[in-house]
Protein chains: 2
Amino acid sequence: MEETVTADPADLPFDVFSKACPSRGTLEHVTGRWGSLTLGALHEGSFRFNELRRRVDGVSEKMLSQTLHALERDGLVHREAQPTNPPRVDYTLTPLGYEVAERLLGLIHLMEDRMPTVLEARERYDAVRGAR
Amino acid sequence: MEETVTADPADLPFDVFSKACPSRGTLEHVTGRWGSLTLGALHEGSFRFNELRRRVDGVSEKMLSQTLHALERDGLVHREAQPTNPPRVDYTLTPLGYEVAERLLGLIHLMEDRMPTVLEARERYDAVRGAR
DNA sequence: CGGTATCCGCCTCGATACTG
DNA sequence: CAGTATCGAGGCGGATACCG
């Protein structure tokens, strides 16, 4: 077993395939459109709000704020606010967030790496069905 | 075999953090609500449409169909239809789909394993801010 | 069985304006 | 700078009906 997690999945009480399981919600925060990109960015280090906003191309203030709150609540992101003027807030990953980001980035890099294959597959698919 | 990707990410032309990059779309198919669960299920083997529907608790016919089409178009899922009566269609992962599912499951299992920590973090967060 | 077509509510998301 | 408040459009997704 090359698993680094501690137990056999079948023995765990949390099964993401089950509709009611809270792990599904957290998985959605992590893998969601902005969640994945935010965690990916924070893996590189600490960011301030607007730095993050520029890094994650296309995210709105509202969605970034919402995303950060969800990730903070799940214990993946740490928010450090300094009561200065102008205010300064730094976002970093927690140890758990870092573990999650590692795996997420593995996935992201794999996707980026295999995009030529994906693009070829799309062309083939569209060539057959695209006559629509 | 540790890293199976071939190049340094910085050298690749596909950057998921860029709004216009097609890799972002594929990442969303993979990590999306139903995409991730569908790939996770198919990692266990071949499934027929309604088997999959039962396995992925809560998915509707429409969304499963839509999800499978997107994944097939991206070259992650192979669809094998037998022209029998009644019809029989089997879905399996392509080699690329299998690679992707491996990483995705790594993430999913980590999340399931760490849910106690997540749940604690939520309680702490809600205790402080929940007094709303 | 394995889907597609259509309708439609709701909730996400983006744009804008405003606050500390 | 670091957000919150509000609003309106659109698309996600469920329910239903129907086809091969």
Side-chain angles (χ1 to χ4, degrees), chain A residues 17 19-20 24-38 41-42 46-73 77-92 125 128-132, chain B residues 18-20 24-38 41-42 46-73 77-92 125 128-132:
Chain A
F17 289 102
K19 184 164 52 177
R24 190 182 279 190
T26 300
L27 182 68
E28 279 165 29
H29 295 156
V30 169
T31 62
R33 192 175 184 188
W34 304 121
S36 58
L37 297 176
T38 301
L42 287 173
S46 179
F47 281 84
R48 300 176 63 178
F49 188 83
N50 281 300
E51 285 177 340
L52 218 38
R53 191 155 143 53
R54 281 186 291 276
R55 180 71 223 270
V56 180
D57 191 18
V59 70
S60 68
E61 285 184 3
K62 179 183 169 181
M63 291 318 296
L64 181 56
S65 174
Q66 204 172 99
T67 299
L68 286 168
H69 279 312
L71 295 176
E72 189 193 353
R73 189 168 105 98
V77 161
H78 175 67
R79 179 182 188 274
E80 183 130 20
Q82 292 167 35
T84 59
N85 194 322
R88 180 191 177 98
V89 181
D90 290 278
Y91 291 93
T92 53
Y125 184 94
V128 176
R129 312 209 119 202
R132 126 94 43 139
Chain B
S18 167
K19 183 165 54 177
R24 189 182 279 191
T26 300
L27 182 67
E28 279 165 30
H29 295 155
V30 169
T31 62
R33 190 174 185 187
W34 304 121
S36 57
L37 297 176
T38 301
L42 286 173
S46 179
F47 280 85
R48 300 175 64 177
F49 188 84
N50 281 301
E51 285 176 342
L52 219 38
R53 191 155 141 55
R54 281 186 291 275
R55 180 72 223 270
V56 180
D57 191 18
V59 69
S60 67
E61 286 185 4
K62 179 184 169 183
M63 292 318 297
L64 181 56
S65 174
Q66 203 173 98
T67 299
L68 286 168
H69 278 313
L71 295 176
E72 188 193 353
R73 189 169 104 99
V77 161
H78 175 68
R79 179 181 187 276
E80 183 130 20
Q82 291 167 36
T84 59
N85 194 319
R88 180 189 176 100
V89 181
D90 290 279
Y91 291 94
T92 53
Y125 184 94
V128 176
R129 311 210 120 202
R132 136 83 52 104

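Naming: A, B, ... by sequence-line order, numbering from 1 per chain. Basis for what follows: all heavy atoms, side chains included, without hydrogens, waters or symmetry-related copies.
- Within the 4.5 Å cutoff, side-chain heavy atoms of B:Leu52 are placed close to those of B:Leu42.
- For D:dA2, the OP1/OP2 oxygens have a side-chain nitrogen or oxygen of A:Arg48 closer than 4.0 Å.
- A sub-4.0 Å separation between OP1 or OP2 of C:dG3 and a side-chain N or O of B:Arg79 is present.
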Sequence-aligned protein contact record of nucleotides 11-20 of chain D, with B where the base is within under 4.0 Å of a protein heavy atom and S where only the sugar-phosphate is: --BBB----B
Stepwise side-chain contact (heavy atoms from CB on, under 4.5 Å) test for B:Val89 and B:Phe49: CA-CA 7 Å; B:Val89 181; B:Phe49 188 84; 5.7 Å; no
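- The end-to-end axis angle of the helix from C:dC1-D:dG20 to C:dG20-D:dC1, rounded to 10 degrees and based on five pairs per end, is 50°.
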Residues B:Leu37, A:Phe17; criterion side-chain contact (heavy atoms from CB on, under 4.5 Å); working and verdict: CA-CA 7 Å; B:Leu37 297 176; A:Phe17 289 102; 4.1 Å; yes
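- Residues B:Arg33 and B:Ser36 share a closest heavy-atom pair of O-OG, 3.5 Å.
- Phosphate contact (OP1/OP2 of D:dT4, side-chain N/O of A:Ser65, threshold under 4.0 Å): present.
- Here D:dA2 presents its P atom at 15 Å from CD of A:Glu72, a figure rounded to the nearest Å.
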Working for side-chain contact (heavy atoms from CB on, under 4.5 Å), residues B:His69 and B:Gln66: CA-CA 5 Å; B:His69 278 313; B:Gln66 203 173 98; 5.9 Å; no
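- Here salt bridge (Lys or Arg N to Asp or Glu O under 4.0 Å) pairs that include residues 49-67 of chain A, with residues two or more places apart or in two chains, are A:Glu44-A:Arg55.
- For A:Leu37 and C:dC13, the CG to P distance is 13 Å, given to the nearest whole Å.
- Phosphate contact (OP1/OP2 of C:dG3, side-chain N/O of B:His69, threshold under 4.0 Å): absent.
- Shortest non-hydrogen contact noted between A:Arg88 and A:Asp90 is NE-OD2, 3.1 Å.
- In this structure, A:Glu51 atom CD and D:dA2 atom P are separated by 8 Å, rounded to whole Å.
- Annotation: side chain of A:Leu71 is in contact with side chain of A:Thr38 (closest heavy-atom distance under 4.5 Å).
- Remark: A:Tyr91 is not in phosphate contact with D:dC1, judged by side-chain N or O atoms under 4.0 Å from OP1 or OP2.
- Put simply, CG on B:Leu64 is 14 Å from C1' on C:dT4, counting in whole angstrom units.
- A 6.0 Å sphere centred on CD of B:Gln82 holds more than 12 heavy atoms belonging to other residues, nucleotides or ligands.
- Rounded to an integer number of Å, the gap from CD of A:Glu28 to C1' of C:dT12 is 13 Å.
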